[in-house]
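Comments concern the structure below.
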Protein chains: 2
Amino acid sequence: MKPTLRAVAEAVGVSRSTVSNAYSRPDQLSTELRRRILDAAREMGYPGPDPTARSLRRGYVGAIGVLFTSRLSYAFTDPFATQFLTGVAQAAERHGSSLLLVPLPADAAGARKAVENAAVDGFCVYCGGDEEGEIVDAIRSRGLPFVTTSARPRAEDRWVGIDERAAARSVAEHLTGLGHRRVALLADRVLPDAAPGPVRVGDLADVPHPTTRERLAGFADAFAAVGVDWSQLTILSATDNSRPAGAAAVGAPDSLPEPITAVLACADVLALGALDTLREADRHLAVTGFDDIAEAAPVGLTTVRQPGVQKGRRAAELLLDPPVDTDAHQILLPTTLVVRTSAGPAPRS
Amino acid sequence: MKPTLRAVAEAVGVSRSTVSNAYSRPDQLSTELRRRILDAAREMGYPGPDPTARSLRRGYVGAIGVLFTSRLSYAFTDPFATQFLTGVAQAAERHGSSLLLVPLPADAAGARKAVENAAVDGFCVYCGGDEEGEIVDAIRSRGLPFVTTSARPRAEDRWVGIDERAAARSVAEHLTGLGHRRVALLADRVLPDAAPGPVRVGDLADVPHPTTRERLAGFADAFAAVGVDWSQLTILSATDNSRPAGAAAVGAPDSLPEPITAVLACADVLALGALDTLREADRHLAVTGFDDIAEAAPVGLTTVRQPGVQKGRRAAELLLDPPVDTDAHQILLPTTLVVRTSAGPAPRS
DNA sequence: TTGAAAGCGTTACCAG
DNA sequence: CTGGTAACGCTTTCAA
């Protein structure tokens, strides 16, 4: 039986408040008495105030939650997610908070429940898909602060992110500038249950994931500007945001519905996978990525850089000490086109 | 003002227990009543039972803590730590638990406090240094279960790990087999405040970190077996367990106290750093690592593989559903010597 | 500087 | 199946 604060109080012969003060407000009692209490506590094996009870009473937990749409183990496997988490961890650490990593079940009800059960002071919503609405709703009804990082939210909510569409457009323009006209766009789960490979997407609005939607739209913008419209673009869907899934999605490049000269991926990991497949097939198409993860540079991947660590850090800061000025509640981070060698000029046809 | 369970009860005209049951024990009331309660709750904006209050009452949190000795952001940066976390996350996820990542301040008192304040059901102690004693002590006095992963603990404690010494010895024997006799051992913080580079270590017992101590001992075993004793080995200390720190520790290879033909690192990241420096200096020494992280294969690093993901997974499992048989509370994982190209035969002198 | 009283929001037990 | 009562372990006024 663990001793409680009460037991210590009785043993020392003081009131519970005094013992509590000995731990939490040393200035409220004499050094000598405090010493006596702490000593007695140690002797009795009292481990200090129970964190749960303390949280309940104080209304403050000392931890922030990070919500992952995909499997939790993903968090440590995906390079961009890792960058983001590093940033969050930096800010949390400085603030003295812990990080609660919350895996979200795929079903909306389960996700809601996960949010409702997390003992935290606020949430970083990392990359929600279409279920983000449900999640945000659950957080809001708990009355906790949160920061989102994908599609731009309501004006009153906190957000840190990039201009997805413009960023995507910038790589795509690089490709149109190089003469590419027949291209494939590669993204994770373009449509809900798509098999790996080409899919028909009648309308961009059908794409569930907002970030993917924005990036595809950005790509499309650039091609539209040179007279290539949406229906002429090949869309490749991966089953996952991972290198193998990217490789699988490209499949047999020669059997694609349309001949292409370039692949524009919505993430570096996908682009890397595409490169794997193409190298295997000995095809030399132009490939571009998105994010600029560490693995991109060594293989010369042309991509758009977004500051992942900073994104995480600023998200956590927004949560932990929000700027008084509400105008500063939404932070737009810069992106840069990083031109390397993976995307050369289109072959003259 | 967030509504509470009590408010819902009053609104519906039932007792608090009934509302509570509606959430936590659906079988305790009629479907119809439950529906009415849940509907009313939704309407009032009641987000469901407060997680903190629930934890206090139930005596169960639904989260396990992972304790990091080094900076928290390390967790996502260090490849081996990442593997470990992935494993922990897998197990936690399956069990429906969240992961609380707890950064430990460098000072013992702070670390103790961090442990005492974490609202969790148990701890995975990842890689404690010499302060592990203090930490384990704090956990124990809270009466929570824990699993450690470094030096083998008391018989009654849970542990998952490898035979550090034998594993280290196996790489070292590979090197002695190749004829190496004058070598340097490279490790993270061999002595408490060592500057990067060579240090004198009179006695292995002076090395604070138990894992490092074991690995160095294993290396030494192999060399002792061929007549090279401890005092003839050069010890290189890094300031950190990272690639740059490894690079810095090797410093100017030609200015080392003794000429060497090989560097045995206690971690792949350090070995990688050493390789960076040596390549820079155009020196072609043999280099070996430890862990077999993903980056090891591409550069042909000879190393010892330990199953990182599995280590994390089994640690978490040991915590989440401990085997009834206490004999199974300590799990020894296998290691394998992985011979690649980074360590060739010693030059004939 | 100390202590008494009043919760924080739940859930468990047990009687009805 | 329902509801009253008593905690869970602590912190925080507020008055002494």
Side-chain angles (χ1 to χ4, degrees), chain A residues 1-38 40-41 44-62 113 116-121 141-144, chain B residues 1-38 40-41 44-62 113 116-121 141-144:
Chain A
M1 202 56 299
K2 292 279 94 189
T4 64
L5 182 147
R6 168 180 221 129
V8 176
E10 279 164 5
V12 182
V14 295
S15 79
R16 310 223 278 306
S17 354
T18 305
V19 178
S20 174
N21 284 334
Y23 283 96
S24 314
R25 322 176 81 176
D27 51 314
Q28 295 298 296
L29 33 56
S30 67
T31 320
E32 197 254 331
L33 176 56
R34 179 171 132 93
R35 167 116 277 115
R36 222 175 60 199
I37 293 176
L38 262 26
M44 302 173 63
Y46 175 66
D50 177 275
T52 311
R54 165 179 279 187
S55 297
L56 175 59
R57 185 59 239 236
R58 290 200 181 166
Y60 167 84
V61 178
K113 198 166 246 165
E116 289 167 348
N117 287 332
V120 295
D121 303 314
S141 88
R142 278 190 60 183
L144 291 178
Chain B
M1 206 54 300
K2 293 279 93 191
T4 66
L5 183 148
R6 167 179 221 129
V8 177
E10 281 165 4
V12 183
V14 295
S15 78
R16 309 222 279 305
S17 348
T18 305
V19 177
S20 175
N21 284 334
Y23 283 95
S24 313
R25 323 176 78 176
D27 52 314
Q28 294 299 295
L29 32 58
S30 67
T31 321
E32 197 253 332
L33 176 55
R34 180 171 131 93
R35 167 115 278 114
R36 222 176 60 199
I37 292 175
L38 262 26
M44 300 173 63
Y46 175 66
D50 177 276
T52 311
R54 162 179 282 185
S55 299
L56 174 59
R57 187 57 243 233
R58 291 202 186 166
Y60 167 82
V61 179
K113 197 164 248 169
E116 289 167 348
N117 287 329
V120 295
D121 303 313
S141 88
R142 277 190 61 181
L144 291 179

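Order of the sequence lines sets the chain letters (A, B, ...), proteins ahead of strands, with each chain counted from 1.
The terminal axes of the helix from C:dT1-D:dA16 to C:dG16-D:dC1, fitted over 5 pairs per end, subtend an angle of 30° to the nearest 10°.
In summary, the side chains of B:Ser15 and B:Thr18 do present a donor paired with an acceptor at a separation below 3.5 Å, with no hydrogens or angles considered.
The closest side-chain heavy-atom distance from B:Val12 to B:Val19 is not below 4.5 Å.
A donor-acceptor pair under 3.5 Å links the side-chain atoms of A:Asp121 to the main chain of A:Gly62, judged by distance alone.
Closest approach to the B:Pro49 side chain among C:dT10, C:dT2, D:dT12 is made by C:dT10 (side chain taken as heavy atoms from C-beta onward).
In this view, A:Thr4 satisfies the side chain to side chain donor-acceptor pair (under 3.5 Å) rule with no residue, not counting sequence neighbours. Evaluation of the side-chain contact (heavy atoms from CB on, under 4.5 Å) rule for B:Ser55 yields A:Thr52, B:Val61 as partners, not counting sequence neighbours. Judged as a side-chain contact (heavy atoms from CB on, under 4.5 Å), and not counting sequence neighbours, the contacts of A:Ala41 are A:Val8, A:Tyr23, A:Tyr46. B:Arg34 is linked by a side-chain contact (heavy atoms from CB on, under 4.5 Å) to B:Ala22, B:Pro26, B:Leu29, B:Leu38, counting only residues two or more places apart in sequence or in another chain. With sequence neighbours excluded, the residues that form a side-chain contact (heavy atoms from CB on, under 4.5 Å) with B:Ser30 are B:Glu32, B:Leu33. Applying the side chain to side chain donor-acceptor pair (under 3.5 Å) test to B:Arg58 and every residue at least two apart in sequence or in another chain returns B:Ser24. Checked against side chain to side chain donor-acceptor pair (under 3.5 Å), B:Ser141 has no partners two or more places apart in sequence or in another chain.
Among the protein residues, A:Tyr46 comes within range of the sugar-phosphate backbone only, with heavy atoms under 4.0 Å from sugar or phosphate atoms but none that close to a base.
Separating the CD atom of B:Glu116 from the P atom of D:dC10 is a distance of 12 Å, rounded to the nearest angstrom. Regarding A:Asp27, its CG atom lies at a distance of 12 Å from the P atom of C:dT2, rounded to whole Å. Across the protein-nucleic acid pair, A:Arg35 atom CZ and C:dT1 atom C1' stand 18 Å apart, rounded to whole Å. Between B:Gln28 atom CD and C:dC13 atom P there is a gap of 11 Å when expressed in whole angstrom units. What separates CZ of B:Arg6 from C1' of C:dT11 is a distance of 14 Å, to the nearest Å. One can place CZ of A:Arg25 at 16 Å from P of D:dC10, the figure rounded to the nearest angstrom. One interatomic measurement links the two molecules: CD1 of A:Ile37 to P of C:dT1, which rounds to 13 Å at whole-angstrom precision. We find that CG of B:Leu5 is positioned 13 Å from P of D:dG3, with the value rounded to whole Å.
Considering every non-hydrogen atom in both B:Gly45 and B:Lys2, the closest pair reads O-NZ, 4.0 Å. Closest approach of B:Pro51 to A:Ala118, counting heavy atoms only: CG-O, 3.7 Å. Nearest heavy atoms, A:Pro3 versus A:Met44: CG-O, 3.4 Å.
Contacts between residues 50-60 of chain B and DNA chain D, defined by a heavy-atom separation under 4.0 Å, are made by B:Leu56, B:Arg57. Only A:Arg16, A:Ser17, A:Ser20, listed by number, bring a heavy atom of residues 11-22 of chain A to less than 4.0 angstrom from any atom of DNA chain D.
Judged as a salt bridge (Lys or Arg N to Asp or Glu O under 4.0 Å), the pairs with a partner in residues 9-27 of chain A (not counting sequence neighbours) are, in order, A:Arg6-A:Glu10.
Not one side-chain nitrogen or oxygen of A:Ser30 sits closer than 4.0 Å to the OP1 or OP2 atom of C:dT1.
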Please list, pair by pair, any protein nitrogen or oxygen found under 3.5 Å from a nitrogen or oxygen in nucleotides 14-16 of chain D.
none

